[in-house]
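Take a look at the structure below.
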Amino acid sequence: MAQSINSPSSLSTNQRLADMWNLDQVYALMAAWMDVGQRMAAYHAIASVPWSKAYERYSATLADTKEGDAKDFGWRKAFDKWRDIANKELISNLRSKDFLAAQRELLLAGLELRTRQQQMTDSVAKLFGVPSQRDFDELTRQITELRRELRASIRAQRDEVEGARGGATQPGKG
């Protein structure tokens with residue numbers, strides 16, 4: 001009697017098991033994705049601080065405006081005041097150690113996620129027998145080098161032909 005391809009004894013010897021994904025790779029990808037989410041939340045928390053401070057300072061400026069000044073305090077002056085306050089707060093925040101650290105950590109987490117995604121993509125490409133991004137990059141590099149060599153060869157041939165023509169038409173030569 002023929003053994004079923006899905007029977008328990010054939011599963012342990014079946015070639016399909018060799019094609020299974022490395023679960024550690026999947027877990028690493030998911031961990032990197034979650035890390036980016038956490039770093040993004042920390043970054044947003046720090047990046048939102050200057051907006052709150054600017055609003056508080058602007059509100060205080062409006063509250064300090066006297067009634068006589070309020071008549072002259074049109075939308076242009078109000079916007080200019082808001083812009084000045086917001087710019088100062090944003091620049092101050094962009095230069096803070098907390099912001100720079102959060103930005104650095106987010107960037108590093110993003111790069112780690114990109115690396116993990118590329119590893120997963122390469123594994124899937126290998127699993128299905130299709131070219132990976134690295135394969136395409138290598139082909140692109142080779143084609144670019146071949147084009148450069150071809151242009152150099154054509155240029156050299158053109159120079160050789162022009163040199164031969166130039167030598168034959170010059171007086172006193174030939």
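Between the CG atom in Leu100 and the CG atom in Leu94 there is a gap of 8.0 Å [rounded to 0.5 Å]. In this structure, CD in Gln38 is found 11.0 Å from CD in Glu105, a value given to the nearest 0.5 Å. Atom CD in Gln117 sits 10.5 Å away from atom CD in Glu112 (nearest 0.5 Å).
Between Gln133 and Thr121, every side-chain heavy-atom pair lies at or beyond the 4.5 Å cut-off. At least one side-chain heavy atom of Gln118 sits less than 4.5 Å from a side-chain heavy atom of Arg114. Residues Asp135 and Glu138 have side chains not in contact (no heavy-atom distance under 4.5 Å, counting atoms from C-beta outward). Here the side chains of Val49 and Ser52 are not in contact, with every heavy-atom distance at 4.5 Å or above.
Ion pairing between a basic and an acidic side chain is recognised when a charged N comes within 4.0 Å of a carboxylate O; Arg158 and Glu162 show no such pairing. With respect to Asp35 and Arg39, a salt bridge is recorded, a charged nitrogen being found less than 4.0 Å from a carboxylate O. In summary, Asp80 and Arg83 engage in a salt bridge, as defined by a charged side-chain N under 4.0 Å from a carboxylate O.
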Working for side-chain contact (heavy atoms from CB on, under 4.5 Å), residues Leu29 and Leu113: CA-CA 7 Å; Leu29 175 61; Leu113 175 62; 3.8 Å; yes

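Hydrophobic clustering keeps Phe99 apart from Leu108 (ILVMFWY residues linked when any side-chain heavy atoms are closer than 4.5 Å, directly or through intermediates). Hydrophobic clustering, with ILVMFWY side chains joined whenever heavy atoms are under 4.5 angstrom apart, keeps Met30 apart from Leu111. Linking ILVMFWY residues whenever their side-chain heavy atoms come closer than 4.5 Å, directly or via other members, leaves Tyr55 and Ile85 in distinct clusters. Linking ILVMFWY side-chain heavy atoms closer than 4.5 Å, directly or via other members, places Val26 and Trp33 in a single hydrophobic cluster.
Looking at Ser153, its side chain never comes within 3.5 Å of a backbone N or O of Glu149 through a donor-acceptor pair.
For the side-chain contact (heavy atoms from CB on, under 4.5 Å) with Thr144, the lone residue among Arg141, Arg148, Gln142 that qualifies is Arg148.
Aromatic ring orientation, Trp82 versus Tyr58: perpendicular (interplanar angle above 60°, classes split at 30° and 60°).
Between Tyr43 and Leu106 the shortest heavy-atom distance is CG-CD2, 3.9 Å. Of all heavy-atom pairs spanning Asp122 and Ser132, the tightest one is OD1-CB, 3.4 Å. Nearest heavy-atom pair across Pro50 and Leu90 is CG-CD2, 3.7 Å. Across Ile46 and Ala102, no two heavy atoms sit closer than the pair CD1-CB, 3.6 Å.
Side-chain contact, Gln25 with Ser123: a donor N or O sits under 3.5 Å from an acceptor N or O.
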